[in-house]
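Here the structure is laid out as structure tokens; the discussion comes afterwards.
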Amino acid sequence: MIDRIKHLLREVEELKAANAGELEALRIKYLSKKGEIAQLMNDFRDVASEQKREVGQYLNQLKEKAQQRISELKEGFAHVSAGHDDIDLTRTAYPVALGTRHPLSIVKKEICDIFGRLGFSIAEGPEIEDDWHVFSSLNFAEDHPARDMQDTFFIRHNPDILLRTHTSSVQTRVMEKQQPPIRIICPGRVYRHEAISYRAHCFFHQVEALYVDREVSFADLKQALLFFAKEMFGQETKIRLRPSYFPFTEPSAEMDISCNLCGGKGCPFCKHTGWVEILGCGMVDPNVLDNCGIDSSVYSGYALGMGIERITNLKYQVKDLRMFSENDVRFLKQFEAAH
Ligand code: DAH
């Protein structure tokens with residue numbers, strides 16, 4: 001046993017390690033619980049008692065030497081890394097994973113850019129609103145069903161404070177502060193008390209446009225709508241206006257575009273009609289202008305409003321509205337090239 005210890009003593013004195021990994025391997029080999037020295041300590045129990053003294057001395061000596069040599073090597077490494085010799089400046093950087101813009105943001109920007117080219121500038125308003133800006137100023141009668149608790153989220157049962165149900169509230173906010181000419185585009189989030197499904201959500205996004213000036217006519221509205229449809233869905237796109245009703249516009253219309261999937265021939269997407277609905281619009285009701293301090297005998301205007309989710313669905317055929325708010329990167333990554 002003494003010979004074995006002496007052999008190890010010589011070995012330990014010569015120990016070398018090129019890096020921290022090798023050093024750790026040496027520590028395990030000699031000093032760990034199952035290492036060489038622990039093994040010898042085990043065998044020591046069987047050494048004849050008259051030899052115990054001498055063997056014990058050698059064994060202690062070996063243990064100390066091993067600990068000493070290994071900590072010497074360790075200090076050597078600490079010194080090297082303090083000198084930064086282990087930093088390789090020629091290595092290529094880690095690839096930076098860039099995120100993608102959200103599809104709704106891409107489409108919102110595109111809508112705003114198109115109207116921007118017609119001279120509209122962006123206006124925004126609060127999501128927590130009051131009854132006046134969302135309903136009363138916009139000519140909603142006291143008993144209009146849109147005010148119903150079933151549609152609107154009220155804040156703390158106060159019937160005057162609510163989450164806006166449409167971005168038309170921004171019209172009022174701007175007209176109260178500014179006299180015509182007014183040419184604004186208002187993107188934003190809106191809220192409705194709806195059961196969440198693939199086709200409805202309790203929050204979604206709209207863009208509202210408003211143009212008020214002297215002698216603004218329905219022909220101006222139609223021209224802007226046609227320009228928008230062609231820019232957004234391609235130059236071959238056709239539009240169709242159907243009479244409709246909104247409290248804040250008179251006359252009111254809904255606009256369809258020729259189905260951008262089948263080019264108007266008819267397919268399951270457009271329910272074989274060749275047309276898909278995309279927005280509501282109309283001439284601003286004179287009551288609304290007067291409510292906001294704009295003289296309706298001098299000025300007229302048009303307004304239009306559309307759902308960003310709807311336009312996005314048409315452009316990218318997203319079948320389930322819930323995808324927009326689930327943050328699934330597999331869905332979001334598909335829009336990497338779209339902006
Ligand atoms: N505010 C309407 C809605 O939420 C959309 C709308 C329709 C806005 C016609 C308008 C408009 O400005 O003229 O359904």
Side-chain angles (χ1 to χ4, degrees), residues 108 111-112 115 118 120 122-127 129 131-141 144-148 150-153 162-175 180 182-194 199-213 216-225 228-229 239-257 276-289 291-292 294 296 299-311 313 321:
K108 174 181 80 176
I111 299 170
C112 292
F115 280 93
L118 290 175
F120 286 72
I122 291 178
E124 284 175 323
E127 292 177 15
E129 265 291 8
D131 179 279
W132 169 254
H133 290 93
V134 176
F135 297 126
S136 300
S137 64
L138 294 168
N139 217 22
F140 281 82
H144 194 286
R147 293 176 185 236
D148 204 303
Q150 279 158 12
D151 290 316
T152 308
F153 286 115
L162 44 96
L163 294 178
R164 66 180 178 193
T165 56
H166 56 179
T167 44
S168 305
S169 53
V170 187
Q171 287 189 23
T172 308
R173 293 239 162 232
V174 171
M175 286 193 284
I182 294 172
R183 217 188 318 221
I184 50 164
I185 179 105
C186 324
R189 182 173 286 178
V190 300
Y191 302 83
R192 284 184 203 175
H193 198 302
E194 301 257 8
R199 55 197 296 258
H201 211 295
C202 58
F203 64 80
F204 53 100
H205 301 80
Q206 289 187 331
V207 175
E208 184 89 9
L210 172 74
Y211 176 36
V212 185
D213 205 345
V216 175
S217 72
F218 203 96
D220 296 323
L221 169 61
K222 196 174 169 194
Q223 191 58 39
L225 290 171
F228 169 72
I239 65 167
R240 167 172 98 167
L241 292 168
R242 284 178 288 106
S244 184
Y245 172 78
F246 299 103
F248 37 90
T249 43
E250 181 58 37
S252 305
E254 272 166 307
M255 179 172 101
D256 299 339
I257 57 164
V276 285
E277 183 191 322
I278 66 161
L279 56 77
C281 58
M283 300 306 293
V284 182
D285 192 301
N287 288 340
V288 174
L289 296 176
N291 283 341
C292 299
I294 291 176
S296 61
Y299 297 108
S300 57
Y302 67 69
L304 60 102
M306 67 188 106
I308 302 180
E309 279 80 353
R310 172 107 187 118
I311 307 286
N313 287 351
L321 264 185

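As a basis for the values below, the full set of heavy atoms in this structure was taken, side chains included, without hydrogen atoms, waters or symmetry mates. Bear in mind the structure is a predicted one, so any value in this text is a computation, not a measurement. This chain uses plain numbering: 1 for the first residue, then up along the sequence. We count ligands from 1, going down the list as the structure has it; atoms in each ligand are counted the same way.
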Residue pair E309, H205: steps toward the side chain to side chain donor-acceptor pair (under 3.5 Å) verdict = CA-CA 7 Å; E309 279 80 353; H205 301 80; 2.8 Å; yes
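Residues meeting the salt bridge (charged side-chain N to carboxylate O under 4.0 Å, His left out) test with R183, sequence neighbours left out: none. Every residue was checked against the ring pair (Phe, Tyr, Trp, His ring centres under 6.0 Å) condition with F204, not counting sequence neighbours, and none meets it.
Within 4.0 Å of ligand 1, protein heavy atoms belong to H166, S168, Q171, R192, Q206, E208, F246, F248, T249, G280, C281, G282, A303, L304, G305, listed by chain and number.
The stretch residues 244-253 participates, sequence neighbours left out, in these side-chain hydrogen bond (donor to acceptor under 3.5 Å, both in side chains) pairs: S244-E254, T249-S252.
Shown here for M255 and A229, the closest heavy-atom pair between the two residues is CE-CB, 4.2 Å.
Aromatic ring centres of H166 and F248 lie closer together than 6.0 Å.
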